[in-house]
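This report refers to the structure that appears directly beneath it.
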Amino acid sequence: MRFQRIKGTRDILPEEIGKWQAAEALIHQIMTRFAFSEIRTPIFEETELFARGIGQLTDIVSKEMYTFVDRGEKSLTLRPELTAGVVRAFIENNLGKKLPVNKLYYISPVFRQENPQAGRLRQFHQFGAEIIGSPEPAADVEAIALSIAIYRAFNLERFLVKLNSVGDTVCREPYKQKLREFLRPRLRRLCQSCQQRFEKNPLRILDCKEESCRAETLEAPQFIDHLCDACARHFGRVRELLAAAGITYELDFRLVRGLDYYTRTAYEIISDQLGAQDALCGGGRYDLLVEELGGAPTPAVGFAAGMERLMMVLDQIAWQPAIHNPPVVFLAPLGPAAIAWAVQTAQQLRQQGLAVEMDLLNRGLKAQLREANRQQAKFTVIVGDNELRAQHAIVRDLQSSQQTEVAFNDLISYLQQSSTS
RNA sequence: GUGAGUGUAGCUCAGUUGGUUAGAGCACCAGGUUGUGGCCCUGGUGGCCGUGGGUUCGAGUCCCAUCACUCACCCCA
């Protein structure tokens, strides 16, 4: 019996971990530049949190969650996204009382039981940010600017920002009615799933991918023309501030966020360098969620982005992270006595902060030097019976092939000085 | 859940109308240097050809089933 990884999961191996670490470091850096603080919430929560937060009717909740019952017979779920958990933590820890605005970010694994394909896994990673406590258009723009700044930091140029407004409780139902009125005479020409969407969720018909449905909805009333006064003012101001920030975008009346909690601003960043799953990042305002989850009414805006999808486009633009940490010193002992010396010396050198590797296979000198070369060590320290007797080591510079005899007593300071020069 | 494609060495892949002991490159190991890496030369280790069944004198090759992976639909980051 050979075990294999669960469908839709991946191992991130040493050969690619440098890329992940570098990407995460850059994300941390940009998040910090925008004055966001990291938050880490549990990987699982009460099932009800997601059901209420994301929406019972969404596919995520109705068929994609990893839900199980623990020994106390409580229903738990591996988080399918992070906003609900962050908002739960915001409420539970009274963060709204500590600060007027909380700016939080995360880079974490999430879980959805979908069929895997390019850019879609069952365990994947999202990074994202939430601004909780500000109703201001400037907050919307800060979230959008942050997500763009991150992609720019990776030297990504080919992406498109799509923007829309999905209104609020005042104007959404009236708009849905207008949309239904427009669609009713065309209903039988729509695809089957759109016919089902008609009553429950007519907005979804707008982003149907069927060519025929798109043709039918081409002239449909657009939400941004039917916003209530408050939403229209908000959207107008968001657009002014985006212009002030020098952010270009495309209005897309078909853009409807998949999760129920969004209000007003909705946006998405897409790339033509991905497969069919072309969304790099999706976000928007969710002024109703905090209250929905039992907190005081609190406006919020944020986004979530797919880490693996970022990695996919980074591969395409050949983004090369600078992270590479070869050992500085490779200890090559020959024989049992020298191995004892090497174990002791490795301790001392590592305590001095040097990255030290030593052979663990009792190999011959030739094999050890090959290994040191493979690992791109700066120095190889060769010690055999001769050197033990003479109380000095042979320090070989792998690049120049120069060898120096260094007395054991001077070895640490010699390597420290040489490795920094 | 649905559809299509692909499963041969650690990796990338050849393998003729079915025909002997299944190959290459890279990687790994050893020798060429009795204690000296990279480059080069020589050699070597490593395969239940995804799994099970069937057809056949004979199956990596044909048929059926099954599993896995990939891509796509749906949905979403």
Side-chain angles (χ1 to χ4, degrees), chain A residues 1-10 13 15 54 57-65 79-83 106-128 147 151 191-194 196-197 201 204 207-210 255-259 267-271 274-284 302-313 330 332-335 338 359 361 363-387 394-403:
Chain A
M1 175 71 189
R2 291 187 70 179
F3 292 104
Q4 57 188 48
R5 62 181 190 274
I6 302 298
K7 179 201 280 274
T9 65
R10 281 191 53 206
L13 301 174
E15 59 199 43
I54 301 169
L57 298 178
T58 61
D59 281 19
I60 292 180
V61 169
S62 62
K63 51 190 195 196
E64 294 173 1
M65 294 204 303
R79 60 187 178 202
E81 56 104 52
L82 278 127
T83 302
Y106 52 79
I107 309 177
S108 307
V110 291
F111 307 83
R112 292 182 196 176
Q113 196 164 170
E114 301 185 270
N115 258 350
Q117 71 187 70
R120 171 189 292 163
L121 292 165
R122 289 188 169 183
Q123 173 175 348
F124 62 106
H125 299 78
Q126 287 192 334
F127 65 91
S147 51
Y151 294 114
C191 71
Q192 206 156 22
S193 45
C194 278
Q196 286 169 3
R197 290 169 177 140
N201 199 352
R204 275 243 158 278
D207 75 345
C208 182
K209 281 174 190 144
E210 288 287 335
L255 177 62
V256 181
R257 307 268 54 247
L259 285 57
Y267 81 102
E268 207 163 84
I269 300 178
I270 62 169
S271 165
L274 290 166
Q277 309 302 319
D278 64 354
L280 277 173
C281 166
F303 72 86
M307 199 65 190
E308 282 80 1
R309 291 183 188 179
L310 170 62
M311 292 305 194
M312 285 171 73
V313 294
F330 189 99
L334 302 165
D359 181 60
L361 291 173
R363 285 183 282 193
L365 182 58
K366 183 176 176 156
Q368 294 200 53
L369 274 166
R370 183 176 49 228
E371 186 62 39
N373 182 63
R374 186 162 31 228
Q375 296 196 27
Q376 298 178 10
K378 199 162 158 60
F379 300 103
T380 301
V381 176
I382 302 165
V383 172
D385 291 340
N386 298 341
E387 287 71 27
I394 297 174
V395 177
R396 181 179 179 89
D397 183 317
L398 272 288
Q399 203 154 19
S400 67
S401 298
Q402 296 290 317
Q403 295 194 166

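Each chain gets a letter, A, B and so on, in the order the sequences are listed, and its residues count up from 1. Below, each value reflects all heavy atoms present in this structure, side chains not excepted, and no hydrogens, waters or symmetry copies. Predicted, not measured: the structure shown is a model, and the values here were computed from it.
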Side-chain touch [X]/[Y], heavy atoms, less than 4.5 angstrom:
{"X": "A:Ser108", "Y": "A:Arg79", "result": "yes"}
{"X": "A:Leu274", "Y": "A:Leu280", "result": "yes"}
{"X": "A:Gln123", "Y": "A:Arg112", "result": "no"}
{"X": "A:Val381", "Y": "A:Ile394", "result": "no"}
{"X": "A:Thr9", "Y": "A:Leu121", "result": "no"}
{"X": "A:Leu369", "Y": "A:Phe330", "result": "no"}
{"X": "A:His125", "Y": "A:Val110", "result": "no"}
{"X": "A:Leu398", "Y": "A:Thr380", "result": "yes"}

Length of the line joining [X]:[atom1] and [N]:[atom2], which is rounded to integer Å:
{"X": "A:Glu64", "N": "B:rG1", "atom1": "CD", "atom2": "P", "value": "13 Å"}
{"X": "A:Leu255", "N": "B:rC76", "atom1": "CG", "atom2": "P", "value": "11 Å"}
{"X": "A:Phe330", "N": "B:rU36", "atom1": "CZ", "atom2": "P", "value": "16 Å"}
{"X": "A:Arg363", "N": "B:rG35", "atom1": "CZ", "atom2": "P", "value": "17 Å"}
{"X": "A:Arg370", "N": "B:rU33", "atom1": "CZ", "atom2": "C1'", "value": "13 Å"}
{"X": "A:Lys366", "N": "B:rC28", "atom1": "NZ", "atom2": "C1'", "value": "15 Å"}
{"X": "A:Leu398", "N": "B:rC39", "atom1": "CG", "atom2": "P", "value": "13 Å"}
{"X": "A:Glu114", "N": "B:rC71", "atom1": "CD", "atom2": "P", "value": "14 Å"}

Checklist entry - Given that A:Leu365 and A:Ile269 both sit by RNA chain B, which one's nearest nucleotide is further toward the 5' end? => result A:Leu365

Next on the checklist: I want to confirm an ordering. Mapping A:Gly8 and A:Ala304 to their closest nucleotides on RNA chain B, which one lands closer to the 5' end?
Outcome noted: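 The residue mapped nearer the 5' terminus is A:Gly8.
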
Would you measure the distance from the [atom1] atom in [N] across to the matching atom in [M] and give it in whole Å?
{"N": "B:rA30", "M": "B:rG46", "atom1": "C1'", "value": "14 Å"}
{"N": "B:rU56", "M": "B:rG44", "atom1": "P", "value": "40 Å"}
{"N": "B:rG18", "M": "B:rG25", "atom1": "C1'", "value": "28 Å"}
{"N": "B:rC74", "M": "B:rC69", "atom1": "P", "value": "22 Å"}
{"N": "B:rG54", "M": "B:rA14", "atom1": "P", "value": "30 Å"}
{"N": "B:rC41", "M": "B:rA59", "atom1": "C1'", "value": "40 Å"}
{"N": "B:rG50", "M": "B:rG43", "atom1": "P", "value": "30 Å"}
{"N": "B:rU16", "M": "B:rC76", "atom1": "P", "value": "47 Å"}

Would the distance check show the side chain of [X] and the main-chain N or O of [Y] forming a donor-acceptor pair, the cut-off being under 3.5 Å?
{"X": "A:Gln368", "Y": "A:Pro333", "result": "yes"}
{"X": "A:Arg5", "Y": "A:Arg10", "result": "no"}
{"X": "A:Gln375", "Y": "A:Ala372", "result": "no"}

Checklist entry - Does a side-chain N-to-carboxylate-O contact under 4.0 Å join A:Arg122 and A:Glu114? => result no

Any side-chain N or O of [X] less than 4.0 Å from the OP1 or OP2 oxygen of [N]?
{"X": "A:Gln277", "N": "B:rC73", "result": "yes"}
{"X": "A:Arg120", "N": "B:rC74", "result": "no"}
{"X": "A:Arg374", "N": "B:rC28", "result": "yes"}

Measure from the side chain of [X], starting at C-beta and using heavy atoms only, and say which of [options] lies closest.
{"X": "A:Ile382", "options": "B:rA72, B:rA30, B:rU36", "answer": "B:rU36"}
{"X": "A:Arg112", "options": "B:rG38, B:rA30, B:rC76", "answer": "B:rC76"}
{"X": "A:Ala276", "options": "B:rG35, B:rC73, B:rC76", "answer": "B:rC73"}
{"X": "A:Gln126", "options": "B:rA77, B:rC73, B:rA30", "answer": "B:rA77"}
{"X": "A:Asn115", "options": "B:rA72, B:rU36, B:rC76", "answer": "B:rA72"}

Within the 4.0 Å heavy-atom criterion, would you say [X] contacts the bases, only the backbone, or no part of the nucleic acid?
{"X": "A:Gln403", "value": "base"}
{"X": "A:Gly364", "value": "nothing"}
{"X": "A:Ile394", "value": "base"}
{"X": "A:Ala372", "value": "nothing"}
{"X": "A:Phe127", "value": "nothing"}
{"X": "A:Glu15", "value": "nothing"}
{"X": "A:Arg10", "value": "nothing"}

Item to check | Any side-chain donor near an acceptor of the partner, A:Tyr267 and A:Ser147, under 3.5 Å | outcome: yes

Item to check | Within 6.0 angstrom of A:Leu361 CG, more than 12 heavy atoms from elsewhere | outcome: yes

Checklist entry - Can you find a donor-acceptor N/O pair under 3.5 angstrom joining the side chain of A:Gln117 to the base of B:rC74? => result yes

Next on the checklist: On the side chain of A:Gln368, is there an atom forming a donor-acceptor pair with the base of B:rU36 - under 3.5 Å, no angle test?
Outcome noted: no

Next on the checklist: Before you tell me yes or no, could you show the steps for A:Leu334 and A:Ile382 under side-chain contact (heavy atoms from CB on, under 4.5 Å), namely the whole-Å CA-CA distance, both residues' side-chain angles and the distance that decides it to 0.1 Å?
Outcome noted: CA-CA 8 Å; A:Leu334 302 165; A:Ile382 302 165; 4.2 Å; yes

Taking N or O atoms only and anything under 3.5 Å, show me the protein contacts with nucleotides 66-68 of chain B, one pair per line.
none

Item to check | RNA chain B stem ranges, 3 or more consecutive Watson-Crick or G-U pairs under 3.5 angstrom | outcome: B:1-7 with B:67-73, B:10-13 with B:23-26, B:28-32 with B:40-44, B:50-54 with B:62-66

All N/O contacts under 3.5 Å from nucleotides 41-51 of chain B to the protein, with atom names and distances to one decimal?
none

